Amino acid sequence: MSKTFSARLQEALLQALSATDFAADLPEGFAPKVDQAQNRQFGDYQTNAAMMLAKPLKKNPREVAAQIIEKFEPADLCDEPTMAGPGFINFTLKEDALAGELLRILADESHHGVATVEDPKTVVLDFSAPNVAKPMHVGHIRSTIIGDSLGRIARFLGHRTITDNHIGDWGTQFGMILWGWKNLLDEDALAEKPVEELLRIYREVNARTKEDEALRETCKSELVALQAGDEENLKIWETCVDVSKQGLQGIYDRLDVSFDHWLGESFYNDRLAPLVDDLLDQKIAEESDGAICVFFPETKGLEDKPAIIRKADGGFLYATTDLATIDYRLNEWKADAVWYVVGAPQQLHFDQIFKISEKRGQSADLEFIPFGSILGKDRKMLRTRSGDTVQLADVLDEAVERAAKVVIEKNPDLEPSEQQAVAEVIGIGAVKYAELSQYRLTDYIFDWDNMLALKGNTAPYLLNAYVRTRAIFRKLGEDYTVLETAVFEEQAEKDLALKLAQFAETVPQVLVDFKPNTLANYLYELAMAYHRFWEACPVLRVEGDLRATRLALCEQTGRTLRTGLGLLGIRTTEFM
RNA sequence: GCGCCCGUAGCUCAGCUGGAUAGAGCAACGGACUUCUAAUCCGUAGGUCCCGUGUUCGAAUCACGGCGGGCGUGCCA
């Protein structure tokens, strides 16, 4: 497989460097960067290698640049590089190179020129992980959508990817649910809308325990009974988990998110006690005030932040479960890496369990991939227990409803069922894109209009570009065949062709720092380039190679948008 | 107290592994549809990149110190 433009330019640049007078004096391991030019007036790619080298070589940067340019052999890739400003070297690709690349990526129907990784890893992705017996609220959307997208991208790049929904099916909340089930349950409501009924009793009990000390104790004893294996409580617990999973599955189906496994906290129950014993044996953990703790005296920032893995009353905590989960993933799944897509407030927790894993001699690449909070209007965290948090299902309903309004307005003649199907793609896509197009650590204030916008840099903008690629082939009456000779007449065509080629440079970049918004931004730029092309370049009204080239650009834009949106977990529609 | 994250146009946000005049969208104003989907395109206007100091040929980006906001910090998850 051939390489991206930036990789090829980088190779040529290294060649040039090795031919210069100062080749022997280059810093060891010097790897010049070739970046996409920020501004078209500077060509297509640029490097600041000369300026980087000026200091160690004790030379004037422009002198260095001049010599690099002199030795640079562009082959048929680009024109003679030019020097600009304080010592930039700018590269402008040849039209033939652009044309050749277009043909190459068209031939690569599944990956569009994106190279798969040389050393595939087994990556476990831990994301979404809602609590059972409570429906997902807006706060769960980030983990679910970001995690799903990272999983799709890792898989696309060739990693063995395992997604695991580590649901909270064993927490202390079950004390309250058990009591509520026994005392407040409305059987008819349970049969009718099980998830809602579970939420209702949970909220009711939660509210009562705030006032009622005795009830708190009763709930606690229900929990203890469950943990001790009480048959009735276990039965209720199983039913709750079952019902909740079905409710969650409905949301996941709608979001087009799926998991390879659903190994919740309860799965690890048997493994907790032996794990703590083992940590004690190895002197990694010790007793302190009755609890079993791991201390980190040698780690800056954690000196006074022990991790508790067994409470004084013998109970285990989520740190214990998470450690057992790491064992399982490493031993059973042979994971090389585990990626946790979890909210930023849990930074300390993950620092601790990663450190413990290290103390145990485990060497897997454990990554905490945090995201910022969704805040309420008061700029405070949207709290799960505040009672009136916005439910995810409601957000999706509202999104689809808003999309439907526009679809009906724009396409009054469409069958209602088709209108609804299109609205579903647009509405859900809009919600996902709103999340994925922004940097994951940015906090934001929940706002319907913001989250569900349909104008500007949103999913509908990208979907519209895709739809326009399809409209052309519908009108043409046949599918794309094969392009033999690419010719360019307009700047808009070359800009689009270059953008298409850069898909291969963009996708791998997402996993460097786990930022799907890098891909979202790229797709937005691609859609913009296509919309400009659309305005400037009629396709069906021109003839010959030019028409074939433009059809190819349409086809490749459609493929790239479909694949790229697919990597974000966003579906496409043929019309809108 | 200590730790982590955020602070960029009126609003919502990109850009942050140092690079050229800091970019989008929304809102405002002005243009372009007998045309392959105008959910589009083109243009105008809008900035102490929170403040200060430092490193550097070069800082929104890195370091240090502040300020403002959010979150976390031994027996919830």
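As the structure is a prediction and not an experimental result, all values here were calculated from the model. Chain A is the first sequence line, chain B the second, and so forth, proteins listed ahead of strands; every chain is numbered from 1.
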Is there a ring pair (Phe, Tyr, Trp, His ring centres under 6.0 Å) between A:Tyr461 and A:Tyr433? Walk through the geometry before answering.
CA-CA 11 Å; A:Tyr461 181 88; A:Tyr433 188 82; 9.2 Å; no
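Base pairing annotation: B:C11 forms a Watson-Crick or G-U wobble pair with B:G25, both donor-acceptor distances under 3.5 Å. Base-pair partner of B:C62: B:G54 (Watson-Crick or G-U wobble, both distances under 3.5 Å). Partner assigned to B:C4 is B:G70, using Watson-Crick or G-U wobble distances below 3.5 angstrom. With both pairing distances under 3.5 Å, B:U34 is matched to nothing as a Watson-Crick or G-U wobble pair.
Side-chain atoms of A:Ser288 and base atoms of B:G74 include a donor and an acceptor less than 3.5 Å apart.
Comparing the P positions of B:G18 and B:C62 gives an interatomic distance of 9 Å, to the nearest angstrom.
Applying the 4.0 Å criterion to OP1 and OP2 of B:A27, one finds that A:Lys455 has a side-chain N or O inside that range. Within the structure, a side-chain polar atom (N or O) of A:Trp534 is placed less than 4.0 Å from OP1 or OP2 of B:A38.
No option in A:Phe368, A:Phe354, A:Phe127 other than A:Phe354 meets the ring pair (Phe, Tyr, Trp, His ring centres under 6.0 Å) test with A:Tyr340.
Heavy atoms of A:Asp289 sit under 4.0 angstrom from at least one base atom. The residue A:Arg470 sits apart from the nucleic acid: no heavy atom pair falls under 4.0 Å.
B:G72 atom C1' lies 11 Å from atom CZ of A:Phe368, rounded to whole Å. We find that CG of A:Leu436 is positioned 14 Å from C1' of B:C13, with the value rounded to whole Å.
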List, with names and distances, any nitrogen or oxygen atoms from the protein found under 3.5 Å away from nitrogen or oxygen atoms belonging to nucleotides 41-44 of chain B.
{"from": "B:C41", "atom 1": "OP1", "to": "A:Tyr461", "atom 2": "OH", "distance (Å)": "2.4"}
{"from": "B:C41", "atom 1": "O4'", "to": "A:Glu535", "atom 2": "OE2", "distance (Å)": "3.2"}
{"from": "B:C42", "atom 1": "OP1", "to": "A:Arg532", "atom 2": "NE", "distance (Å)": "2.5"}

Please list, for nucleotides 1-11 of chain B, all pairs of protein and nucleotide N/O atoms separated by less than 3.5 Å.
{"from": "B:C4", "atom 1": "O2'", "to": "A:Gln347", "atom 2": "OE1", "distance (Å)": "3.3"}

Short N/O separations, protein against nucleotides 57-60 of chain B, under 3.5 angstrom:
{"from": "B:C57", "atom 1": "OP1", "to": "A:Lys55", "atom 2": "NZ", "distance (Å)": "2.5"}

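A donor-acceptor pair under 3.5 Å links the side-chain atoms of A:Ser149 to the main chain of A:Leu567, judged by distance alone. For A:Ser221 (side chain) and A:Thr218 (main-chain N/O), a donor-acceptor pair under 3.5 Å exists by modelled atom type.
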